[in-house]
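Side-chain atoms are counted along with the backbone in the values below, which use heavy atoms only and exclude waters and symmetry mates. First the proteins, then the strands, lettered A, B, ... as listed; each starts at 1.
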There are 2 protein chains.
Amino acid sequence: MPRPRSLTQGQIAAAALAVIDRDGLAALSMRTVAGELGMSTMALYRYVGDRDELEGLVVELVLDGVDASPPPGATWQERITVLAGRVRERVGAHPGVVPLTMTHRHRSAGILRWSETVLGVLAEAGVEGPERVVALRGLLSYLIGAIQLEHLGPLSGEGTAAIAGLPRAEFPRMAETAGHALLIGAEEEFHGGLAIVLRGIAART
Amino acid sequence: MPRPRSLTQGQIAAAALAVIDRDGLAALSMRTVAGELGMSTMALYRYVGDRDELEGLVVELVLDGVDASPPPGATWQERITVLAGRVRERVGAHPGVVPLTMTHRHRSAGILRWSETVLGVLAEAGVEGPERVVALRGLLSYLIGAIQLEHLGPLSGEGTAAIAGLPRAEFPRMAETAGHALLIGAEEEFHGGLAIVLRGIAART
DNA sequence: ACCTGAACACCGTTCAAGT
DNA sequence: ACCTGAACACCGTTCAAGT
C-alpha cells in the first residue's frame, strides 16, 4: 500500500474511467491513465499496486455511485424495481466497465449497502432465512446477466443478424421469436424479465 | 478466410481450450496455442483471422457441446431445468472460458439449437408471442449471471471474506444472510434461483 | 502454395538512478 | 521522500523471405 501525496486513489480511478468512457476499455493501460493525469507511467504505482487494483478502483467508483437509500414505491416489488433500475442506469452510463464489474464487484462498499437495502425490502416482503439468500442471489444473477446481455450481447447487431439468417426449417421458433424481439425495447425487456423474477419470489411455496 | 490444409479450425480450438484448461485464460496467446500445436506462431493466422476469432472458436467448441435434444421431464419446468443444467455443466467444466462466453456466445450453432429447444418447451407451457421472447431472455439472463457468479464471483473466498468482515451495526441483514449462505451449496443455490424464474414464468398475468 | 523468423508497436512491471 | 526513464519479458500482428 503506497502513501499517496499529490493525488488520491479516487482521482486515479476518475482518470481511468475517463479513458474508458472516451476511448473504450481496450484503450485502458497504465500508460494511458498516467498520460491522462500528466504524470509518468511509473508514478501510478505509487497509488496503485498493479493493473488489477486499478480496475478494482474503477469498478468501485462506478458502483459506489449507486444510490442505496430506501427506495420509493407502494409495494415491495416496486421498491426492488427501483433499486435494480439504479444499478442498471449507473452501469449503463459506463458500458465500457461492464466486463470489469463481475470480477471486481466485491470491492464496492456502495454495492454492499445496496445489497443491504435489497435484503431489507425482501424482509418486508416476508422472505426470510435461506430463502432470502436464494432470492438475493437470484435477483443479482438476473441483474448481472441482463445488464451484460444488454451491453455485450448483440455487439453491433451481429447477434440479431445471425438469428435472422437462420434456416427457417431448422429453427422455426427462433425465426418467429426474432420477429417479436424487434418490437421489444431494451427497457421493456429488462423490466419484463425483472417482473418474472419478482413474481417468482412472491409465488414461493 | 484462410484455406486450412493440415489442420482444421476445430483442432485449433481444441488446442486453445487445452491451454486454457491447463494454464488458465491468462496463458492464452497466439504463441502458446501455436506451441501447443507444435507450429510457428504465424502459421496460426492461416486458420484464424485474429485472436478474437480464436476466442470465438473456443466458445463455439464449448457451447456446441451442449446437448440440444428434447430433454426428459414430466413437466415443462423440469424440462427447462434439465436444459439449463446442461449449459451450466458444460461451461462449468471449462471455467476459464466463462469470461469469453458473453462476447462470443452468438457464434455457436449449438446454443442456437438449444435456444430453439427452450422456446419449444416454453410453447408447450403456453407462453406465446412477445411474452415468450421476454421469458427466453429472462431465463438466459439468469443463466448467464448465475454461471458467472458461481465461477467468477467469490474469487477464492475474497467476496465472502469481505462480507464476513462487515460492521454488524451498519449491515445487519448482510451479516445474518452470510450465515445462511454458508449452509447453501452452489448446486442448491443455482436450482433455487432457477425455480424462482420458472415460478415467475408460470405465474404470468 | 504454404510456412517461417525477424521486426514493429504495443503491454505490465522491475530496477537503478535522479532530485 | 517522491518521481523518473531505461530496460525486460511479454503481447498481437505485419511483412519480406524462404521452400
Nearest-Å distance, CZ (B:R51) to C1' (D:dG12)? 9 Å

Residues B:R22 and B:E36 bridged, charged N to O under 4.0 Å: yes

Between B:E187 and B:R88, is the closest basic N to carboxylate O distance under 4.0 Å? yes

Lys/Arg N to Asp/Glu carboxylate O, B:D64 vs B:R105, below 4.0 Å: no

May I ask you to verify if any side-chain N or O of B:Y47 is less than 4.0 angstrom from the OP1 or OP2 atom of C:dC3? yes

DNA chain C contacts made by residues 15-30 of chain B, counting heavy atoms under 4.0 Å: none

Below 4.0 angstrom, N of the basic side chain to O of the carboxylate: do B:R137 and A:E189 qualify? yes

Atom CE of A:M42 to atom C1' of D:dA7: distance rounded to whole Å? 11 Å

Whole angstrom value for the distance that separates P of D:dT14 from OH of B:Y45: 7 Å

Provide, to the nearest angstrom, the distance between the CZ atom belonging to A:R46 and the P atom belonging to C:dC15. 14 Å

Between B:R31 (CZ) and C:dC11 (P), how many Å, whole number? 15 Å

Within this structure, what is the CG-to-P distance between A:L54 and C:dG12, rounded to whole angstrom? 9 Å

Can you check whether A:S40 has a side-chain N or O nearer than 4.0 Å to OP1 or OP2 of D:dC2? no

Charged tip of B:R113 within 45° of A:F171 ring normal and under 6.0 Å: no

Separation of C:dC2 atom C1' from B:L44 atom CG, nearest Å, is 14 Å

Side-chain N,O (A:T32) to OP1/OP2 (C:dC11) below 4.0 Å: no

Would you compute the distance between atom OG of B:S141 and atom CD of A:Q148 and round it to the nearest 0.5 angstrom? 9.5 Å

For A:E53 and C:dT13, give me the distance from atom CD to atom P, rounded to whole Å. 11 Å

